[in-house]
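Some notes on the structure that comes next.
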Amino acid sequence: MVEDPRAFDPETYEDAQAFVMDYGRDLLALLDPQPGERILDLGCGTGHVTADIAEAVGTAGDVVGIDASPAMVERAREAHPDLEIRHADATDFAVEAPFDAVYSNAALHWIADQDAAIDGVADALHPGGRFVAEMGARGNIVEILDAVAAVADREGVAVSDPWHFPTLGAYASRLEDRGFEVRLARTFERPTELDGPDGLRDWFAQFGEELLAPFPERAGALAAVEDELRPDCYDPEAARWTVTYRRLQFRAIRPRGDG
């Protein structure tokens, strides 16, 4: 199994980045879980939204969560011992029985091999099963990426980001190329608040370490990025950073005639 190299911190995730779970709960309306359904949560994190899905279907044993982060899996198992939480990579996982739906929030954009992930989801679904997900879209965290690029240019450092933020058209075509029927796809902007003077630093500590890795002195680079972003993204009276989250949501169906 491919190990996720990112050292996600469950405590920070549940505290400073709780908005990820809140947005995941918003996505449940699109999933529309029904009693008795068997559902896979791909990239389940600390398992709280997985537990919401289990409550909706009525049987915890019919819901499975997978995540590539050992720390996240451990926290999810501790918090929800009645759930089945597995340590598995989204591009290389096996299921014993097919699912009615696969749900994924804020996980797909971390995956390098998108085709392998989509194929894995298709293999995990019943014919007629649905794939419901939200991920970052083109333009996501644009201010952060531009600020890092500006600092890197001044310091003569080459940087690249670890994410896959596609356009709606490109990702819908990718899903269709892998055999899915896209029933709904939309992009939208969701300005996201990072509370406290250290909100941006907390964000980088959890999600942006790979962006800063090429800099020989990370603390100085992060301070320079903060200086770049402060005029437009920081409200000193509210002590709050706000960055642009641009999201892609979709609902796609594995055709009944497939296999």
Side-chain angles (χ1 to χ4, degrees), residues 20-45 49-50 52-53 56-57 62-68 88-95 97-142 161-190 192 244-259:
V20 178
M21 290 178 287
D22 293 338
Y23 296 154
R25 290 187 172 100
D26 291 342
L27 185 64
L28 292 182
L30 187 59
L31 176 66
D32 191 23
Q34 297 297 307
E37 284 193 317
R38 180 170 160 80
I39 298 178
L40 174 67
D41 183 356
L42 187 149
C44 65
V49 179
T50 321
D52 292 340
I53 296 172
V57 303
D62 288 332
V63 175
V64 176
I66 66 171
D67 203 281
D89 188 87
T91 63
D92 182 22
F93 65 94
V95 299
F99 291 88
D100 298 294
V102 173
Y103 162 95
S104 182
N105 176 59
L108 291 174
H109 51 243
W110 289 100
I111 298 170
D113 191 344
Q114 292 288 316
D115 288 341
I118 295 170
D119 285 344
V121 170
D123 289 343
L125 284 170
H126 283 293
R130 63 199 186 278
F131 182 18
V132 175
E134 178 177 313
M135 63 190 296
R138 181 73 58 84
N140 195 52
I141 59 168
V142 62
D161 71 72
W163 301 292
H164 178 74
F165 295 147
T167 64
L168 183 153
Y171 210 78
S173 294
R174 186 184 289 272
L175 288 165
E176 290 171 345
D177 288 345
R178 313 314 293 181
F180 279 92
E181 293 179 358
V182 179
R183 300 289 179 84
L184 179 149
R186 60 194 179 201
T187 57
F188 59 94
E189 287 193 359
R190 180 194 286 136
T192 297
T244 299
Y245 266 46
R246 185 169 177 81
R247 314 307 280 177
L248 166 62
Q249 286 183 349
F250 63 83
R251 184 177 185 270
I253 305 299
R254 178 184 169 185
R256 293 186 184 277
D258 181 12

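Of all heavy-atom pairs between Phe131 and Ala133, the closest is CE1-CB, 4.1 Å. For the pair Gly179 and Pro255, the tightest heavy-atom approach, listed with the atom from each and the gap, is O-CD, 2.9 Å. Smallest separation of non-hydrogen atoms from Cys44 and Gly65: SG-C, 3.7 Å.
Here the CE-CG distance, from Met135 to Asn105, works out to 11.5 Å after rounding to the nearest 0.5 Å. The structure places CG of Asp115 at 9.5 Å from CG of Leu175, a figure rounded to the nearest 0.5 Å. Taken from CD1 in Ile39 to CG in Asp62, the straight-line distance is 9.0 Å, to the nearest 0.5 Å. Once rounded to the nearest 0.5 Å, the distance linking CD1 of Ile53 with CG of Asp41 reads 4.5 Å. Within the model, atoms CZ of Arg190 and CG of Asn140 stand 9.5 Å from one another, a figure rounded to the nearest 0.5 Å.
Annotation: side chain of His109 is in contact with side chain of Arg247 (closest heavy-atom distance under 4.5 Å). Using a 4.5 Å heavy-atom cutoff, the side chains of Ile141 and Phe165 are in contact. By the 4.5 Å heavy-atom criterion applied to side chains, Ile111 and His164 are not counted as neighbours. Residues Phe250 and Leu108 meet the side-chain proximity criterion, which asks for heavy atoms closer than 4.5 Å. A 4.5 Å side-chain heavy-atom check between Glu134 and Phe188 finds at least one atom pair inside the cut-off. Between Phe180 and Arg254, the closest side-chain pair of non-hydrogen atoms falls below 4.5 Å. You'll find the side chain of Arg246 stays beyond 4.5 Å of the side chain of Leu248, heavy atoms only.
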Item to complete: Start with the C-alpha distance between Val57 and Val63, add both sets of side-chain angles, then the distance that settles side chain to side chain contact (heavy atoms under 4.5 Å, CB included), and finish with yes or no.
Response: CA-CA 8 Å; Val57 303; Val63 175; 3.6 Å; yes
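Both tests hold for Arg38 against Phe99: distance to the six-membered ring centre under 6.0 Å, angle to the ring axis within 45°.
A distance-only check finds no donor-acceptor pair linking the side chain of Gln249 to the backbone of Leu184 [under 3.5 Å]. Side-chain atoms of Ser104 come within 3.5 Å of backbone N or O of Leu42 as a donor-acceptor pair.
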Contacts table for residues 118-129: side-chain donor-acceptor under 3.5 angstrom, sequence neighbours left out:
{"from": "Asp119", "atom 1": "OD1", "to": "Arg178", "atom 2": "NE", "distance (Å)": "3.0"}
{"from": "Asp119", "atom 1": "OD1", "to": "Arg178", "atom 2": "NH2", "distance (Å)": "3.3"}
{"from": "Asp119", "atom 1": "OD2", "to": "Arg178", "atom 2": "NH2", "distance (Å)": "2.6"}

N/O donor-acceptor pairs under 3.5 Å from side chains in residues 29-36, not counting sequence neighbours:
{"from": "Asp32", "atom 1": "OD1", "to": "Gln34", "atom 2": "NE2", "distance (Å)": "2.9"}
{"from": "Asp32", "atom 1": "OD2", "to": "Gln34", "atom 2": "NE2", "distance (Å)": "3.3"}
{"from": "Gln34", "atom 1": "NE2", "to": "Asp32", "atom 2": "O", "distance (Å)": "3.2"}

